[in-house]
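Here the structure is a predicted model, which is why all the values come from computation and not from measurement.
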Amino acid sequence: MGDLSGERTCAQAPEVGTVLDTIYGRARVMDVLRLGDEPETVCLRPERGGLEWTVTTTQLPSVLMPVRS
């Protein structure tokens, strides 16, 4: 399982199990749905509880936190 902190800028789905730093807090990738020609949908679960949510790979960069240097 990897850990991405906003470094993904292309419309590529992260691996299942990856933890992402999002604008809503840290979330783990639970599944990636591939439906025909549509962009992949990433299913996310907040690390500290809350509602699971989804985002398409084209929208994913807009919800990732920027990389801190």
Side-chain angles (χ1 to χ4, degrees):
M1 289 186 235
D3 188 1
L4 296 177
S5 300
E7 63 190 45
R8 187 172 300 275
T9 56
C10 60
Q12 179 183 3
E15 292 182 28
V16 172
T18 302
V19 176
L20 302 174
D21 285 327
T22 74
I23 58 177
Y24 306 111
R26 291 174 60 86
R28 183 173 306 277
V29 177
M30 301 307 294
D31 199 4
V32 177
L33 306 174
R34 295 169 180 88
L35 303 171
D37 293 335
E38 298 295 318
E40 296 171 316
T41 300
V42 180
C43 301
L44 299 163
R45 176 182 289 164
E47 276 201 322
R48 297 186 178 212
L51 295 176
E52 293 184 16
W53 53 289
T54 62
V55 63
T56 64
T57 52
T58 54
Q59 298 168 326
L60 185 60
S62 66
V63 298
L64 294 178
M65 290 295 290
V67 176
R68 296 181 190 117
S69 40

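Every residue meeting the side chain to side chain contact (heavy atoms under 4.5 Å, CB included) condition with I23, not counting sequence neighbours, appears here in chain and number order: V63, M65. For T54, the side chain to side chain contact (heavy atoms under 4.5 Å, CB included) test picks out T41, C43, with sequence neighbours left out. In this view, E52 and R45 satisfy the salt bridge (charged side-chain N to carboxylate O under 4.0 Å, His left out) rule, not counting sequence neighbours. For E38, there are no side chain to side chain contact (heavy atoms under 4.5 Å, CB included) partners, not counting sequence neighbours.
Contact record, D31 with V16: CA-CG2, 4.0 Å, taken as the closest heavy-atom pair. Closest approach of L60 and Q12 over heavy atoms only: CD2-O, 4.4 Å.
Residue pairs meeting the salt bridge (charged side-chain N to carboxylate O under 4.0 Å, His left out) criterion with at least one partner in residues 55-67, sequence neighbours excluded, do not occur; the list is empty. Within the structure, the ring pair (Phe, Tyr, Trp, His ring centres under 6.0 Å) test picks out the following pairs touching residues 38-65 (sequence neighbours left out): Y24-W53.
Considering CG of L33 and OG1 of T57, their distance stands at 11.0 Å, rounded to 0.5 Å. Within the model, atoms CE of M30 and CG of L44 stand 9.5 Å from one another, a figure rounded to the nearest 0.5 Å.
In this model, a donor atom of one side chain and an acceptor atom of the other lie less than 3.5 Å apart for Q59 and T56.
Judged purely by atom type and a 3.5 angstrom limit, R26 has no side-chain atom pairing as donor or acceptor with the backbone of L20.
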